[in-house]
Amino acid sequence: MTIQEIVQLSALEAAPRLLGQIMSRITPAGEIRCRIVETESYGGAEDKGSHAYGNRRTARTEMMFRQGGIAYVYLIYGMYHCVNVVTGTENDPQAVLIRAVEPLGRVDEQRMLALRHVPPNRRRTLCNGPGKLCLALDIDKSLNGVQLLASGGTLRLEEAKEPLDFAIECGPRINIDYAEEYAAKPWRFYIKDHPYVSAKNSSPLAYVPPLDTL
DNA sequence: ACTGCGATTATCT
DNA sequence: GATAATCGCAGTG
């Protein structure tokens with residue numbers, strides 16, 4: 001399945017399929033490429049965990065209602081940014097939060113360490129969380145709404161070249177206790193045993209892909 | 001205009 | 001496990 005096809009899916013279908021795909025960010029220091037290793041789905045007007053719950057369409061949530069393929073970037077706790085991949089069709093709020101990435105190579109990692117002012121001996125904390133990866137990739141609200149699939153952009157999604165060979169686990173999303181019955185939905189996806197995943201799961205479920213994707 | 005709080009993180013005990 | 005940092009957003013009036 002191509003990236004172009006993935007971003008037209010619902011957030012719940014797209015979230016596991018974005019694992020292993022590549023984010024590219026052009027900075028003044030050069031290009032940084034990394035692999036997506038953890039995601040969360042925030043999809044539809046019914047999801048009480050979503051900013052767009054009840055079709056709440058405001059200046060902040062506007063990007064979630066657009067057609068898939070753009071970024072939704074917001075400020076959280078007054079000091080960190082989070083980046084989402086908007087998916088699905090226009091007027092249906094669907095977004096996949098990128099919760100953790102892994103630098104693809106040495107140079108990528110060096111540039112990320114510099115942006116986040118993290119010494120190499122703490123590299124495991126470089127980008128294992130949604131706020132941390134935005135710092136490491138210099139992502140802020142100036143990138144809200146940018147096209148992720150267009151050539152020439154400074155923030156892009158690229159299809160993984162190598163085959164995706166890993167197991168996927170899922171579990172409840174992080175820090176959405178306010179979401180009532182939606183807080184327990186297993187809509188967080190991550191590469192099993194990956195060192196850059198942001199949090200352990202007490203009782204992870206194996207993610208079984210739908211038959212029509214096999 | 002005013003208020004409460006968050007899709008987080010680092011640092012402390 | 002607990003807490004501070006820090007501010008835009010969404011709801012209320």
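Annotation: salt bridge (Lys or Arg N to Asp or Glu O under 4.0 Å) contacts involving residues 189-199 of chain A, sequence neighbours excluded, comprise A/E169-A/K192. Each side chain to side chain donor-acceptor pair (under 3.5 Å) pair with one or both residues in residues 93-104 of chain A, not counting sequence neighbours, appears once here: A/R35-A/E102, A/E38-A/R99, A/D92-A/Q94, A/R99-A/S198, A/E102-A/H194. Each salt bridge (Lys or Arg N to Asp or Glu O under 4.0 Å) pair with one or both residues in residues 64-91 of chain A, not counting sequence neighbours, appears once here: A/E62-A/R66. Screening residues 67-81 of chain A for side chain to side chain donor-acceptor pair (under 3.5 Å) gives A/H51-A/Y72 as the qualifying pairs, with residues at least two apart or on separate chains. Pairs passing the salt bridge (Lys or Arg N to Asp or Glu O under 4.0 Å) check and including a residue from residues 127-149 of chain A, sequence neighbours excluded, read A/R25-A/D138. Each side chain to side chain donor-acceptor pair (under 3.5 Å) pair with one or both residues in residues 117-126 of chain A, not counting sequence neighbours, appears once here: A/E109-A/R123.
Using atom C1' as the reference point in both B/dC5 and C/dT3, the two lie 16 Å apart (nearest Å).
No contact: A/K48 has no heavy atom under 4.0 Å from any strand. Nucleic acid contact class of A/S41 (heavy atoms, under 4.0 Å, all strands): none.
Helical stems of DNA chain B (runs of at least 3 Watson-Crick or G-U pairs, donor-acceptor distances under 3.5 Å) are listed by first residue: B:1-6 with C:7-12, B:8-12 with C:1-5.
Ion pairing of A/R17 with A/E5 is absent here, as no side-chain N (NZ or NE/NH1/NH2) approaches a carboxylate O to less than 4.0 Å.
For A/E162, there are no salt bridge (Lys or Arg N to Asp or Glu O under 4.0 Å) partners at least two apart in sequence or on another chain. Partners of A/R111 under the salt bridge (Lys or Arg N to Asp or Glu O under 4.0 Å) rule, at least two apart in sequence or in another chain, do not exist in this structure.
Cluster note: A/I22 groups with A/L104 through ILVMFWY side-chain heavy atoms spaced under 4.5 Å, whether in direct contact or through intervening members.
Here the range on DNA chain C touched by chain A, meaning any atom under 4.0 Å from one of its heavy atoms, is C/dA5 to C/dG11.
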**Prompt:** Which nucleotides of nucleotides 2-13 of chain B have their base under 4.0 Å from a protein heavy atom (B), which only their sugar-phosphate (S), and which neither (-), written as one string 5' to 3'?
**Reply:** ----BBBSS---

